[in-house]
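Within every chain, numbering begins at 1; the chains are lettered A, B, ... in the order of the sequence lines, protein sequences first and strands thereafter.
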Protein chains: 2
Amino acid sequence: MRALTQNKTLLDQTYEALLEAICTGSIKAGERLNQDEIAARLSVSRQPVNSAIAMLKAQRFVNDTGRRGVVVAPIDRTIFESIYTFRTAVEPLAVRLATGRLTRDAITLGRDVIERGKRQVQAGERSAALRCDIEFHNLIYTLSGNLIISDTMSLNWRHLQRAMIEVLNVPGATLRVWKEHDEIFRSMVEGDAEGAAAMMHAHMINATLQIPEE
Amino acid sequence: MRALTQNKTLLDQTYEALLEAICTGSIKAGERLNQDEIAARLSVSRQPVNSAIAMLKAQRFVNDTGRRGVVVAPIDRTIFESIYTFRTAVEPLAVRLATGRLTRDAITLGRDVIERGKRQVQAGERSAALRCDIEFHNLIYTLSGNLIISDTMSLNWRHLQRAMIEVLNVPGATLRVWKEHDEIFRSMVEGDAEGAAAMMHAHMINATLQIPEE
DNA sequence: GTCTCACATTTCGTATACGACATTCGATCC
DNA sequence: GGATCGAATGTCGTATACGAAATGTGAGAC
């Protein structure tokens with residue numbers, strides 16, 4: 001018995017591969033995407049590659065140069081800041097919704113992520129800590145039961161991930177962040193939705209302030 | 001002199017045509033999408049059609065049936081409600097951001113939309129009123145200067161439009177709604193960002209309450 | 001008459017082919 | 001020697017071709 005809707009099509013796989021490569025920085029900002037080359041590297045035809053690139057274009061991960069093909073979008077402070085501003089509104093909402101829907105399993109999961117996150121920060125594992133950060137917030141989106149939040153934020157995190165990996169001095173990899181996560185989650189477990197939401201809002205403001213200037 | 005980046009590719013045009021057809025209800029929920037048929041009707045090959053459908057799938061406008069092709073996604077109360085919940089957080093943020101960025105032209109535009117909206121409601125033109133509703137909120141997204149808000153909400157509105165056209169009893173087509181729009185915009189013009197945001201929040205709550213039961 | 005199994009048909013995903021446009025490079029002209 | 005124009009090349013968007021998988025169909029068995 002396997003997952004019912006596995007990403008089986010080459011288009012999906014190609015899209016995932018490209019997005020992953022862009023977000024982990026293995027394809028740098030400004031770099032051109034040559035369809036033939038990508039197709040050869042992934043051992044597929046240009047057809048799925050072409051479609052995948054069209055999707056990435058719509059999601060602003062690549063830009064049309066007008067002249068020849070597309071290039072990976074530059075890391076854009078504006079987008080980065082826009083997402084953080086956006087999160088000041090969305091994250092507290094997600095927390096508010098998720099609080100009433102916490103299950104025993106979810107609580108275990110949450111505590112586990114927080115534990116791991118703290119440990120990664122202490123170990124200086126920035127990349128692993130970032131993954132935990134994503135995981136923590138994703139858990140809340142999922143728990144919120146609001147598909148729009150999950151879908152929207154999952155794309156936004158891809159943009160954030162990209163920016164965060166590029167510039168090393170990012171919010172998310174400090175112990176303070178995980179202390180806040182911990183407090184937020186405790187409030188959620190206690191059922192204090194409004195308190196948790198307020199903390200999450202503060203958490204976002206703090207993170208925004210930590211965005212390096214220029 | 002024309003727009004520099006016109007939707008010139010057949011893929012873009014096909015995507016737009018399909019999305020429009022789905023959102024205006026000219027392709028009904030549950031209906032199957034036959035690539036050959038669509039290609040023939042639009043006088044293009046299956047290639048752009050296939051790519052366009054893949055994008056619509058990612059955006060949940062169509063569902064994969066697993067068996068043969070895709071069908072237009074059913075009008076889903078859950079998604080509808082999720083978007084409204086989402087908006088209770090995002091709309092006030094957009095208002096807050098937009099208030100500080102109002103230009104003379106924007107004020108003129110806003111007043112004009114509100115005037116037209118009221119008139120359409122009074123004339124009983126539900127469809128035109130809905131378009132004005134979209135236009136009003138879109139103006140605020142644009143003014144907010146936050147690309148994430150604009151992008152995200154523009155897709156969400158497509159979902160809303162679809163649902164609203166299907167069930168006729170929708171929020172948006174009452175005089176009260178436009179009275180609220182008017183008050184919100186007046187506060188914005190006065191520079192009262194927090195007041196306007198609070199009104200927008202209330203506006204969203206009111207709209208959510210008006211969603212017909214089942 | 002109904003069930004079953006094989007064969008035909010549909011339709012999709014993907015590969016390959018083609019034509020258009022732009023860029024690049026080289027040859028010619030001054 | 002440098003500028004300019006045209007041919008060669010690269011690369012994309014799109015069309016067409018192909019193979020696989022699943023559905024529809026019809027004949028034969030009971």
Listed pairs, N/O of protein and of nucleotides 21-24 of chain C, under 3.5 Å:
| unit_1 | atom_1 | unit_2 | atom_2 | d |
| --- | --- | --- | --- | --- |
| dA22(C) | N3 | R68(A) | NH2 | 3.4 |
| dT23(C) | O4' | R68(A) | NH2 | 3.2 |

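Scanning residues 35-56 of chain A for heavy-atom distances under 4.0 Å to DNA chain D yields Q35(A), R46(A), N50(A).
Between the side chain of S51(A) and the backbone N or O of P48(A), no donor-acceptor pair lies under 3.5 Å.
The residues K8(B) and D12(B) are annotated as not salt-bridged, no charged nitrogen and carboxylate oxygen being separated by less than 4.0 angstrom. For R111(B) and E115(B), the salt-bridge test fails: no basic side-chain N is under 4.0 Å from an acidic carboxylate O.
Distance check, rounded to the nearest 0.5 Å: CD1 of I75(B) to NZ of K28(B) gives 10.0 Å. Taking CZ of R162(B) as the start and OG1 of T24(B) as the end, the distance is 10.5 Å to the nearest 0.5 Å. In this structure, the separation between CD on Q35(B) and CD on Q47(B) is 10.0 Å, given to the nearest 0.5 Å.
Comparing the end axes of the helix from dG1(C)-dC30(D) to dC30(C)-dG1(D), each fitted to five base pairs by superposing C1' atoms of four pairs onto the next four, gives an inter-axis angle of 20° (nearest 10 degrees).
Identified under the salt bridge (Lys or Arg N to Asp or Glu O under 4.0 Å) test for residues 45-58 of chain B, with sequence neighbours left out: K57(B)-D64(B).
Applying the 4.0 Å criterion to OP1 and OP2 of dT10(C), one finds that N34(B) has every side-chain N and O outside that range.
Checked by atom type, the side-chain pair T103(A)/D105(A) shows no donor-acceptor distance below 3.5 Å.
Ring-plane geometry between H181(B) and F136(B) is classed as parallel, the angle between the planes falling under 30 degrees on a 0 to 90 degree scale with a further cut at 60.
R87(B) forms a cation-pi arrangement with Y84(B), by the criterion of a distance under 6.0 Å to the ring centre and an angle within 45° of the ring axis.
Checked options L19(B), N63(B), V70(B), V72(B); the residue passing with L56(B) is L19(B) (criterion: side-chain contact (heavy atoms from CB on, under 4.5 Å)).
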Would you give me the side-chain donor-acceptor pairs under 3.5 Å for residues 138-147 of chain B, sequence neighbours excluded?
| unit_1 | atom_1 | unit_2 | atom_2 | d |
| --- | --- | --- | --- | --- |
| Y141(B) | OH | E91(B) | OE2 | 2.3 |
| Y141(B) | OH | W157(B) | NE1 | 2.9 |
| T142(B) | OG1 | N138(B) | O | 2.9 |
| S144(B) | OG | Y141(B) | O | 2.6 |
| S144(B) | OG | N146(B) | N | 3.1 |
| N146(B) | OD1 | I148(B) | N | 3.0 |
| N146(B) | OD1 | I149(B) | N | 3.2 |
| N146(B) | ND2 | S82(A) | O | 3.1 |

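Chain B approaches DNA chain D within less than 4.0 angstrom (heavy atoms of the protein), and the contacting nucleotides run 5' to 3' from dT14(D) to dT23(D).
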